[in-house]
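Chain naming here is simple, since letters A, B, ... match the order of the sequence lines and numbering starts at 1 in each.
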Amino acid sequence: MARDDVKTGYKLIGTRPNRPDGLDKVTGRARYGADFSLPGMLHAAVVRSPHAHARIVKIDASKALALDGVKAVVTRADLPTGLTGEDLNLQDNTLAGDTALYDGHAVAAVAASSALLAQDAARLIEVTYEVLPHVTDVDAAMAPGAPVIREGVADYSVPEGMHGNVARYMEFGHGDVEAGFAAADIVRAQTYRTEATHQGYIEPHACVGQMGEDGRGEMWVCTQGHWYIRRMCAAVLGIEAANLRVTPSEIGGGFGGKTTIFMEPLSLALSKKAGGRPVKLVMSRSEVLRATGPTASASMDVKLGMKTDGTITAGQVYFRMQGGAFRGMSPIGEALPCAFACYDIPALKHEAVEVIANRPKAAAYRAPGSPMAAFAVESLVDEMCRELKLDPIAVRLKNGATNGSKSSYGPVYNVIGLKETLEAAKAHPNYAIPLGPNQGRGVASGFWFNHGGETSVTLAVGEDGTATVMIGTPDIGGSRASIGLMVAETLGIPYENVRVNVVETGALGVNEPTHGSRATFASGKAAVEAARQAIAEMCRRAAADWGIDADAVEWKDGAAHPAGPNAGKHPPMTIGEIGSKMGSTGGPISGHHEVTAEGVGASFGTHVVDVEVDPETGRTTVLRYLVVQDAGTAIHPAYVEGQYQGGAAQGIGWALNEEYVYGADGRLQNPVFLDYRIPVASDLPMIDTVIIEVPNPGHPYGVRGVGETGITPPLPAVASAIAGATGARIRSLPCSPPKVLAAIKAART
Amino acid sequence: MSKIHVSTTVNGDPVEFLADPRETLLDALRNQLDLTGTKEGCGTGDCGACSVTVDGTLVCSCLMLAAEANGKRVETIEGMAREELHPLQRKFIEHAALQCGYCTPGILVAAKALLERNPDPTDTEVRYWLAGNLCRCTGYDKIIRAVQDAAAEMRQDHRGAA
Amino acid sequence: MRYHTPTSFADAAAIAAKATGTLRFLAGGTDVLVQMRAGMVQPDDLIDLKHIPGVDQIVQTPDGGWKIGIAVPGIVLGGHEGLVRDWPGVVEGMNLVGSTQVQGRATLAGNLCNGSPAADSVPGLIAAGAVVTVTGPNGSREMPVEAVPAGPGKTNLAKGEVISSITLPPRGNNGGDCYLRFIPRTEMDIAVVGCAVSLRLDGDKVAEARVALGAVAPTVILSEAAAQAIIGTVLDDAALAALAKAAEGAAKPISDKRGTKEFRIEVAGVLARRAARIACDRAKGMGK
């Protein structure tokens, strides 16, 4: 749905111009992480543990080093000691210390004159392991008798008596849940489970790193956040961050998984050891699936009390999540607040534990924690709606969070758009389409906080009246176009006259990654402020030229104008005229803005999905899918739609087919796209989208981040639709055909 | 290990290079010929990011040895635009049928091969033809629309030219 | 790795017989290259069979059958009018292997010799009664397709032997075949269960039938019991139920990451029923 029918008074915001990187991307010219080469470059390969848990007894690289063309081998012994906390976690994950903690954990790396030779050399590095007991399942990791896989992993939050694999504990709530349950007409409690999934970006991690004898280096890398990469690589290698310059390439998808480091420091360490020659390190797909950052697996208990009229009287959750073998990596801190964020419930109790397991170090995946929490809570809400024969949208409208309601996790909501999404879903033609045999409809709502974060932007006015904007948030969803639109709108110049560049770490102050759906919001907000600063300076130049006060000049339609008849008669001075003279009127004209951006607006969404299930095989076909979500203001509607559709597709994959499968030996059984099944083109229908716009007062153009909310509702909505189609409720994702068929048969008996 | 001399035509240009026997066509395109538009997404023929055509047939270049390209005619994304963009390329930009763009070269090459075989496919035919081209960003909706819009324009041009 | 391009099967067989290390044949490469990339196999010798004359040809045999060269890719099979008319079940099995891109390279011989229990082209070939010609250092012999697979990743070919062609018998009148597979997505998955049925009608009754089940045992099962369940019947509901039961009984699957044992057994029955119906419609000239 385009914005074109809504009167906003914006000239450019809400239109759909071509994105600036489009031409390069459709011609193959755009340069991604692995597309960069330097003279003298070597290629690297990584040796990885084939055991889920093992002591590393010995590493013998002599045969590898004896091969012609092999230039360097790096092991943990080459990295500095003395790190603590998350820096130590990062270093431990870059190269295992004395213990390999998961199948695929890096143990050594080698650089050679070709990629094939590097792989041959890697195979010649002999590692002696002493295999240790392992555990990979979240509940099994806490069960009595489960091996404690790391000593001392619990932090201050963990109560006495919990299993040694419990790393963190969290609880909060309000009101009297026992009274709330007592006041309900029905109280239901269920357990829901989700398995780990991977962000599934099509571009594997890739970097080219170069580091000289002086400890200064450069890196070209596909990343969502190059300042983070710089800081993390520096910490792991024991150098100063300022000694490292990181340039982001175009990025082939991230979804949170490229906000941190995995193997990047190895390219620098190898380069230094190889006499400063650049080293290219590209992960294979199986390395990506085994050894980057999938999301957590979760086991979740939910209890809800509901009256027959649909009023929810109390809610309680206890989530158990594992984020790999490192403390702090599971999203319990987000999952709990998200659990009831769509509701205004008088009594709530939240509890969660994070458990460690012999799995890779989890990273963020699009609204981390929110999809799992939504699967649990929204599924139970749906179960109770069906039991009481209530419409799922009506129940959400009845209990839904609104402007001014106190959120489930503490802050009071300012202006939000949940109810608008519910109303729009209810009114949409899809909601009225009659269902046939073996078909079912599911509804769910979802939430993401969104984020502001450290942001730094500079804008320069060109001699030709163009504006060049330097931002620090890599473009993963079209944010260059959206920021270009906002700057063009602010300056009153054509969109084509604005250039938005994502610049390297040496060119701007610190920027947090493109995460938390913040790029369009925060970089956009800062770009608008930078443009306003440039405008103020341009008005001063015009005022000086006209001999009037600077505050007697206003900016309109790309030019400085006298503000009112008292300012005198002066023809407008365009940005081009001011730009062409700036060298002699005071110098180059810029604007800049640095902020830890606040004023974030949450984005709520409601999804409706229709499925058909083959009752003889349990196979689910998605017939129709509708995303309704609040964007605040859709700066570029096509890219907002794209986020809605992309999030829905990932959620559908998570609901139906995607899962990490670990064998009894603790090894990942499906590290290839053949068996890690993401949706293919023939699996999905067209994905209908409705953009709701409840502008966020905290942003000059009303922007809310939109990238993350969309992956949340599909998990419960698809499971609920399957329940509608079959009478069988699946409480453990994915809803794979064997599970669905078994549930159908059980429901029949 | 001695290298194999490969003579082939890429995007209409005759090229020669020495290939390691184990080197794939994808590796050769990217590393020997600096044609980095074709991507590796999986190395196992599951994602289609490495799609090229060889003697007019759509293939995964990660599943061919460079040596097998000897004497063949290879077309990559870099050869798709002639004096101007191919309608598919234009429509992808117009319809916002790409986000990160990493799968885009493979999808464009695959879609072009489809439309050369079947100028008027149904949505279902387009989806099944492209099932081997994974996209993680778009959910495929705008991709299908862009392909159909390009197909319509190409049918129009063809009728106009006829 | 030594890369060979022999121009006759005799030469190919001779190279293979002399090879001492790890040897692989290369037709479409859609299995071998994947295995090389994954580090599962590092061939010392790779014999590319595509330079042998005739390997990319489909030729009708004097009795009306079809002789298929070992380098004919799936997409060419799928475009061959005669093959599609006579043996749609064989063609659709091959055409389900992988993506459009994989179809541009993958071959019947490669699919068969890779030895996956879930290979999509094999049940259809077996149900059709196809044979392969095997050429070795001592000449050529014929084997029914069902004699080739020896277990996961293994064939019954001796050292130095290579498949040199695949021959389908004449379809004859009133015959029809079909291959169905179960996968969780719509494409791009390995078969969780596969079933091919080839039958001939005499009037309304099934006069001959062959039922082959894939992905439910280490090698494809050619089930006599399942065939008997429908021979002599008009393929009514009772016959189809008996067929399903027989297929369930014949299936000997394992539980793995792609499906549970119970699920595979049940779906074997479902697919057998559905494939038989389609084969019957095709035999009557009704189906596509």
**Request:** Spell out the residues in residues 72-87 of chain B that have some non-hydrogen atom less than 4.5 Å away from a non-hydrogen atom of chain A, in order of number; otherwise answer 'none'.
**Result:** B:Ile77, B:Glu78, B:Leu85
**Item:** Max heavy-atom pair count under 4.5 Å with chain B, selected residue of A:Gly646, A:Gly252, A:Ser682
**Value:** A:Ser682
**Prompt:** Taking atom CD of B:Glu40 and atom CD1 of A:Ile202, what is their separation to the nearest 0.5 Å?
**Reply:** 12.5 Å
**Complete:** Closest heavy-atom pair, A:Tyr32 versus B:Tyr102, reported as atoms and distance to 0.1 Å, is OH-N, 3.4 Å
**Heavy-atom closest contact (B:Thr138 atom, A:Gln645 atom, distance)** = O-CB, 3.4 Å
**Request:** Answer with side chain, backbone, both or neither: which region of A:Ile652 has an atom nearer than 4.5 Å to a non-hydrogen atom of chain B?
**Result:** neither
**Side-chain heavy-atom pair B:Glu94, A:Arg16 within 4.5 angstrom cut-off** = no
**Request:** May I have the step-by-step check of salt bridge (charged side-chain N to carboxylate O under 4.0 Å, His left out) for A:Asp35 and B:Lys39, ending in yes or no?
**Result:** CA-CA 9 Å; A:Asp35 297 334; B:Lys39 309 296 183 198; 2.6 Å; yes
**Asked** Mind checking whether A:Ile476 and B:Gln99 have side chains closer than 4.5 Å, heavy atoms only?
**Response** no
**Portion of B:Asp123 that has a non-hydrogen atom of chain A nearer than 4.5 angstrom** = side chain
**Prompt:** Minimum heavy-atom separation for A:Phe255 to B:Cys137, with atom names?
**Reply:** CZ-SG, 3.7 Å
**Request:** Give the member of B:Ala49, B:Gly37, B:Gly132, B:Ala131 that has the highest number of heavy-atom pairs under 4.5 Å with chain A.
**Result:** B:Ala131
**Asked** Checking A:Lys25 side chain against B:Leu98 main chain: does a donor-acceptor pair fall under 3.5 Å?
**Response** no
**Message:** For B:Gly41, is there any backbone N or O sitting under 3.5 Å from a side-chain donor or acceptor partner on A:Glu203?
**Reply:** no
**Asked** About how many Å separate CG of B:Asp20 and CG of A:Leu116, when rounded to the nearest 0.5 Å?
**Response** 5.0 Å
**Request:** Determine which residues belonging to residues 105-116 of chain B lie within contact range of chain A, meaning some heavy atom pair is under 4.5 Å apart, and list them by number or answer 'none'.
**Result:** B:Pro105, B:Leu108
**Request:** Please look at A:Ala648 and chain B and tell me whether the side chain, the backbone, both or neither of the residue comes under 4.5 angstrom of a heavy atom of that chain.
**Result:** neither
**Prompt:** Among A:Gln199, A:Gln650, A:His198, whose side chain to side chain contact (heavy atoms under 4.5 Å, CB included) with B:Arg136 holds?
**Reply:** A:Gln650
**Request:** Please indicate whether A:Arg123 has more than 12 foreign heavy atoms, meaning atoms of other residues, nucleotides or ligands, lying under 6.0 Å from its CZ.
**Result:** yes
**Item:** Side-chain (B:Asp141) to main-chain (A:Ile687) donor-acceptor, under 3.5 angstrom
**Value:** yes
**Prompt:** Which is it for A:Arg285 and B:Asp46 under the salt bridge (charged side-chain N to carboxylate O under 4.0 Å, His left out) test, yes or no, and what are the steps along the way?
**Reply:** CA-CA 10 Å; A:Arg285 177 55 52 183; B:Asp46 296 308; over 6 Å; no
**Item:** Within 6.0 angstrom of B:Arg117 CZ, more than 12 heavy atoms from elsewhere
**Value:** no
**Item:** Region of A:Tyr625 in contact with chain B, defined by heavy-atom distances below 4.5 Å
**Value:** neither
**Under 3.5 Å: donor-acceptor pair, side chain of B:Arg30, backbone of A:Ala34** = yes
**Request:** Let me see the working for A:Asp120 and B:Arg22 under side chain to side chain contact (heavy atoms under 4.5 Å, CB included), right down to the final yes or no.
**Result:** CA-CA 12 Å; A:Asp120 289 340; B:Arg22 294 179 295 166; 2.7 Å; yes
**Message:** Does any backbone or side-chain atom of A:Phe36 lie under 4.5 Å from a heavy atom of chain B? Answer side chain, backbone, both or neither.
**Reply:** neither
**Asked** Atom OH in B:Tyr128, atom CG in A:Asp683: separation rounded to 0.5 Å?
**Response** 7.5 Å
**Request:** Pick whichever of A:Gly647, A:Pro685, A:Ser284, A:Ser114 has the most heavy-atom pairs under 4.5 Å with chain B.
**Result:** A:Pro685
**Fill in**
Value for CZ (A:Phe673) from CG (B:Leu134), rounded to nearest 0.5 Å, stands at 6.0 Å
**Message:** Taking side chain as everything from C-beta outward and backbone as N, CA, C, O, which of these in B:Tyr140 sits under 4.5 Å from a heavy atom of chain A? Side chain, backbone, both or neither.
**Reply:** side chain
**Prompt:** At a heavy-atom separation under 4.5 Å, does A:Pro17 approach chain B through its side chain, its backbone, both, or neither?
**Reply:** neither
**Asked** Do you know which of A:Pro204, A:Ala649, A:Ala206 has the most heavy-atom pairs under 4.5 Å to chain B?
**Response** A:Pro204
**Complete:** Most heavy-atom pairs under 4.5 Å with chain B, out of A:Val672, A:Asp21, A:Ile251, A:Leu684, belong to A:Leu684
